[in-house]
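Some notes on the structure that comes next.
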Number of protein chains: 2
Amino acid sequence: MPEQKKPVGASAPRRRRSAEVARREILDAAQRRLDEGGPDAIRLQEIARDVGIAHPTILHHFGSRDGLIQALDARAIHALSDDVSAMLQGRRAQDSGIELLERLAHTMNDLGLARLIAWWAMREPNARALEGIDPPALVRNISQLICSQIEGDEAHSTEREEVVSFGVRLAVMAMFGEALIGDIMSPAGAEQRDAERHRFRAWLSDLLVEKIADPRDD
Amino acid sequence: MPEQKKPVGASAPRRRRSAEVARREILDAAQRRLDEGGPDAIRLQEIARDVGIAHPTILHHFGSRDGLIQALDARAIHALSDDVSAMLQGRRAQDSGIELLERLAHTMNDLGLARLIAWWAMREPNARALEGIDPPALVRNISQLICSQIEGDEAHSTEREEVVSFGVRLAVMAMFGEALIGDIMSPAGAEQRDAERHRFRAWLSDLLVEKIADPRDD
DNA sequence: TTAGATATATACATTAGTGTCAGTAGTGAG
DNA sequence: CTCACTACTGACACTAATGTATATATCTAA
């Protein structure tokens, strides 16, 4: 009798997710791997183990490793874009300082966006847009919104708009940098880390609001 | 007759470098690969081809791929450390603003330090020191120097020193961020890129000098 | 010139990771 | 209940990258 090829003992009971859920779980696991071990840690077999599936299942859902990475990029970018849209909608001038910074920091840190963007930027040093989203346009939108809030819809000069856009970009870069290397540079212990970060953001927020609100140049 | 195992045709004339030179050339090539294609592009065979050697030669000099990467890290970190030391030596209060920023930007961009640090931070999310160098201590040194320059060696308060250290860290994070994602966020075309960056740095420098020099808190 | 040291080369072994294939098992619709 | 659909699996093929073993060429020093 030929040894049975099929059942082979009792394989683990199979759990069947909807395609959507499966994709989400896989992406979450991949994100976790990226956060914890860097780009090299994104390995189909390990991700599959995390999720509790076999690695060909990942290929079934994403086509290839590259497809998975692209989906990872796309998800993060759209999360950020939605975030920004929400900001643009909930337009309140007063709380814009610290709250915007905290929100940005949250997206960069907790959602792992900073790492993802950094990795992406390393892979594609010359890219100008990602997933159909145009970062300069986002920056410009935010800048113009802030301009109009400050000056009450008056026409603002080009120089002024550039300064505001500098401020926006500084905020983004700072939160990006903080997410990636903030811990390394901070002298604070693990307990005071959060408090110190908050103080830093408050300080930065003050700095930006002050400099941008006062149209004092030079 | 057994086919000859030895000479096999005329192989390319062999160039012999000193170990030091060989190591440097290999590291340079690896750095270039990292800059252009990200971490995944660091492959022994390709690096070897760039240098014009066989890949086992790299292993001869660095022991393993990991050894090469560690050497890459070490070189960059020490370059940065030396840079900082030089700053601390050439202590002039006046030009400290824009020149320090430009110098930082140069190290981050042209020497590829930003990419290397980003990659390193992604691989070792929980590291506190690298290659025996303690970033918080560097930050503190610079902060104290700036403090004493401003206040003429008076005793400065702890709060004040924190503010200054915030400024230093903001500068580092901003230049780090600019090196990695500055191009993506900038609306400027390739020609005006440099000019715009310079304006941005000048603006940031003003911002920092202004805020830090004036001990006006709240 | 010779001898030792070592930088470098060729050829090969090994492994790890992606991708393929053919079959299995949940699930929902009729 | 049956059937079609597809998420899922195990086994395997393939590739590419690291690392090893051993030989050779080139430099320095005596």
Could you go through residues 36-44 of chain B and list every donor-acceptor pair under 3.5 Å that involves a side-chain atom there, pairing it with any protein atom two or more places apart or in another chain?
residue : atom : partner : partner atom : Å
B:R43   : NE   : B:D40   : O            : 3.0
B:R43   : NH1  : B:E46   : OE2          : 3.4
B:R43   : NH2  : B:D40   : O            : 3.0

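- Taking atom CD on B:E20 and atom C1' on C:dT6, their separation rounds to 16 Å, with Å as the unit.
- Look at A:E178 and A:R201 and you find a salt bridge, because one of the NZ, NE, NH1 or NH2 atoms lies within 4.0 Å of a carboxylate O, short of that distance.
- Within the nucleic acid shown, A:S64 comes within 4.0 Å of sugar-phosphate atoms alone, with no base atom in reach, counting heavy atoms only.
- Between A:F166 and B:W203, the two ring planes are tilted [angle within 30° to 60°].
- Applying the 3.5 Å distance criterion, the base of C:dT8 shares no donor-acceptor pair with the side chain of B:R17.
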Please table the atom pairs, donor to acceptor, closer than 3.5 Å between any side-chain atom in residues 125-134 of chain B and protein atoms at least two apart or in another chain.
residue : atom : partner : partner atom : Å
B:R128  : NH1  : A:D183  : O            : 2.6
B:R128  : NH2  : A:D183  : O            : 3.4
B:R128  : NH2  : A:S186  : O            : 3.3

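- When the P atom of D:dT18 is taken as reference, atom CZ of B:R43 falls 8 Å away, rounded to whole Å.
- Between B:I58 atom CD1 and D:dT20 atom P the separation is 15 Å, expressed in whole Å.
- Taking atom CG of residue A:D40 and atom P of nucleotide C:dT18, one finds them 11 Å apart after rounding to whole Å.
- Here B:H55 lies in heavy-atom contact (under 4.0 Å) with a base.
- Neither OP1 nor OP2 of D:dA7 sits under 4.0 Å from any side-chain N or O of A:T57.
- C:dT6 atom P lies 16 Å from atom CZ of B:R14, rounded to whole Å.
- Residue A:A54 has its side chain nearest to D:dG10 when only D:dT18, D:dG10, C:dT10 are considered.
- Residue-level contact check: B:I53 touches the backbone only, with heavy atoms under 4.0 Å from sugar-phosphate atoms and none from bases.
- Close to D:dC8, at under 4.0 Å from its OP1 or OP2, lies no side-chain N or O of A:R16.
- Protein atom NE2 of B:H60 is 4 Å distant from nucleotide atom P of C:dA7, rounded to whole Å.
- Using modelled atom types, one finds a donor on one side chain and an acceptor on the other under 3.5 Å when comparing B:R169 with B:S165.
- As rounded to whole Å, 17 Å separates atom P of D:dT22 from atom CG of B:L59.
- Residue B:A22 is classed as a sugar-phosphate contact, given heavy-atom separations below 4.0 Å to backbone atoms only.
- Following rounding to the nearest Å, B:Q45 (CD) and C:dT10 (C1') show an atom-to-atom distance of 13 Å.
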